[in-house]
Each structure stands twice: as structure tokens, then as C-alpha cells.
Amino acid sequence: MTAEARLYGYWRSSSTYRVRIALALASISYEATKVDLLGGEQAASENLSRNPLGLVPSLEIDGHVLTQSLAIVEYLDETRGLGLVPKAVEARARVRALAHAIAMDIAPVCNQRVAKFATEKSNSAFATADWMKHFISLGLQGFEGLLRQLPPSRYCFDDSVTIADVCLVPQLYNAVRWGVDLSAYPLASAVNSRLLELEAFRAAHPDLANTAAA
């Protein structure tokens, strides 16, 4: 069967992970092409021709090449009717605030290139692991506070999957990888556990993506 899309990304990249989840939710078959972030392939001309920012992921689909994970997720939501963004104005703002808290506040400062720059410029006064743990913990503390402001629900917002959930699972995967204690975030942890019961979230897990790419 011919794949419907091609995903350019890195298996451990949280932004690539988000797109894998959305593709799985949409039941879209795709081929994965690895862009090795550790090897610097994101800065190579081939990747820059797709994504001039030198980042991942990029998605070829429907005759387009799309970049920026949240933009890709919302494209899939709108073209495949996934219901990831509520129609009610306030609900949509709440969901986007949760998603942006991760994708725009936590993830950028915890990007490997940012942490590497801080470590190098500080003459290793900032260890990468310490940097990651500090900023991930700080961000998750705020995210937990946002969840506390909302009525209890199965997932981040209400009882259906939204873009906030698509962002949460990759972020908590990253948090565990860097040794963050998730017991301080019981609401986020409980939502994460319930999401990982869903096939689309299990199928998008980095360990499976890495095996498929190997």
C-alpha cells in the first residue's frame, strides 16, 4: 500500500512525536525519513530546503511540505476532522493555552541546541541534565496549575483528546528521560497514563519509531 505521507524527523524529538500521534489518530499511513539531530543533519541543505529554520519535523502530505508541529497537527485536525480543537471559542482558547504552554514555553528552552549553547558558554557551569530538569520542572509546575483551574476530566480538557494531549505525552516522555520526578504533577501524570492506553499514542512511542527507522 502506498503511504499517504512522508515524515522527516528524529525519533526522540518531542515535536516529531506530536506529529506521529496526530498521524496515528488520523489513521494516515506514512514513511519516516530520519533527520539525525545528533549528527547535525538538521543543518544540511537537504533539510533546510524543506525547513529553512533547520528544525524537525517536516511533513509531505496532500502535495504540500508542512513544518512546525502544532501547525501540522492543526492541519491534520482540520483536513481529517479529528476534533482536536474545540469549536467553542473559550474552550478552544483553553486547549491552545495548554498546548502552547508545552510547545512554546517548555520545549524551546529545553531544545538540545539551547542546552548545548548554555553549557558551552558557561564553561560547563550548567550541565545539560540540570538545565533540562530545571526548565522542564518549572514548566510542568505551571502546566499542572492550568489543569487545576479546569473541571476534572479524563484528558487535559474534557473527555476527548485534544492538541493539549498530543503535546503532553511527548513532554512527559522527555521529562522522564531527563530524570524529572513526575510525582509532583499528579494531574498531568494521570492524564498521561490514560492517554497511553490509547492505541494511537502507543503506536507513536519513540521506541517503536526508532525500531522502525533502524
Side-chain angles (χ1 to χ4, degrees), residues 2-80 82 84-85 96 98-120 128 131-132 135-136 139 162-171 173-174 177-178 200-201 203-214:
T2 303
E4 299 175 62
R6 180 177 291 275
L7 176 62
Y8 298 88
Y10 187 65
W11 64 284
R12 261 187 178 165
S13 156
S14 59
S15 54
T16 304
Y17 193 173
R18 293 174 206 142
V19 174
R20 288 199 304 268
I21 292 170
L23 288 166
L25 288 168
S27 299
I28 294 174
S29 62
Y30 66 93
E31 293 183 1
T33 297
K34 182 178 179 180
V35 178
D36 187 356
L37 300 184
L38 299 183
E41 290 181 0
Q42 68 273 25
S45 59
E46 184 177 359
N47 189 60
L48 291 174
S49 68
R50 291 185 296 266
N51 189 334
L53 292 173
L55 299 171
V56 295
S58 299
L59 182 69
E60 288 183 4
I61 190 169
D62 301 336
H64 312 298
V65 179
L66 305 176
T67 60
Q68 293 295 332
S69 63
L70 285 190
I72 294 171
V73 170
E74 291 211 29
Y75 175 87
L76 296 174
D77 176 53
E78 292 170 8
T79 59
R80 271 63 179 184
L82 302 181
L84 296 177
V85 180
R96 282 182 169 146
L98 288 165
H100 293 178
I102 290 174
M104 299 183 185
D105 293 334
I106 303 176
V109 75
C110 293
N111 186 289
Q112 282 276 11
R113 65 180 182 176
V114 173
K116 181 180 178 182
F117 181 84
T119 299
E120 291 176 350
T128 297
W131 177 278
M132 296 295 196
F135 285 107
I136 291 174
T162 66
I163 56 171
D165 301 299
V166 171
C167 290
L168 176 63
V169 169
Q171 184 57 67
Y173 167 83
N174 243 1
R177 189 163 73 89
W178 289 108
F201 286 81
H205 194 279
D207 289 347
L208 293 178
N210 189 39
T211 300

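FYI, side chains are in, hydrogens and waters are out, and symmetry mates aren't considered; it's all heavy atoms of this structure.
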Side chain to side chain contact (heavy atoms under 4.5 Å, CB included) partner of Leu76, the single match among Ile21, Val166, Ile61:
Ile61
For Glu60, check salt bridge (charged side-chain N to carboxylate O under 4.0 Å, His left out) against everything at least two apart and list the hits.
none
State whether the side chain of His205 and the backbone N or O of Asp207 hold a donor-acceptor pair below 3.5 Å, judged by distance alone.
yes
Salt bridge (charged side-chain N to carboxylate O under 4.0 Å, His left out) filter on Arg80, not counting sequence neighbours, yields Asp62
Nearest heavy atoms of Arg18 and Ser69, plus distance in Å:
NH1-OG, 2.7 Å
Check: Cys110 and Asn174 side chains under 4.5 Å, non-hydrogen atoms
no
Compare all side-chain heavy atoms of Tyr10 with those of Asp36 and state whether any distance is below 4.5 angstrom.
yes
Contact check, side chains of Leu7 and Val19, non-hydrogen atoms, under 4.5 Å:
yes
Mark yes or no for whether Trp131, through its side chain, and Lys116, through its backbone, hold a donor-acceptor pair below 3.5 Å.
no
Which pair of heavy atoms, one from Ser29 and one from Thr2, lies closest together, and at what distance?
OG-O, 3.8 Å
Can you tell me if Asp165 uses its side chain to pair, donor with acceptor, with the backbone of Thr162 under 3.5 Å?
yes
Looking at residues at least two apart in the chain, or sitting in another chain, which of them share a salt bridge (charged side-chain N to carboxylate O under 4.0 Å, His left out) with Glu46?
Arg50
Filter on ring-ring contact (aromatic ring centres under 6.0 Å, His included), then keep only pairs touching residues 19-45, sequence neighbours left out; what's left?
none
Nearest atoms (heavy-atom pairs only) where Ser14 meets Pro170
O-CB, 3.7 Å
Can you find a heavy atom in the side chain of Arg113 that is under 4.5 Å from one in the side chain of Leu55?
yes
Does Leu53 reach the side chain of Gln68, with side-chain heavy atoms less than 4.5 Å apart?
yes
Closest heavy-atom pair, Cys167 versus Leu70, reported as atoms and distance to 0.1 Å, is SG-CD2, 3.5 Å
With sequence neighbours excluded, what pairs up with Arg6 under the salt bridge (charged side-chain N to carboxylate O under 4.0 Å, His left out) test?
Glu31
Rounded distance [0.5 Å steps], CE in Met132 versus CD in Gln112
4.5 Å
Where is the tightest heavy-atom contact between Lys34 and Glu41, given as atom of each residue plus distance?
O-OE1, 3.6 Å
Thr67: side chain to side chain contact (heavy atoms under 4.5 Å, CB included) partners, not counting sequence neighbours:
Asn51, Ser58
For residues Gln42 and Asn47, report the shortest heavy-atom separation together with the two atoms involved.
O-ND2, 2.9 Å
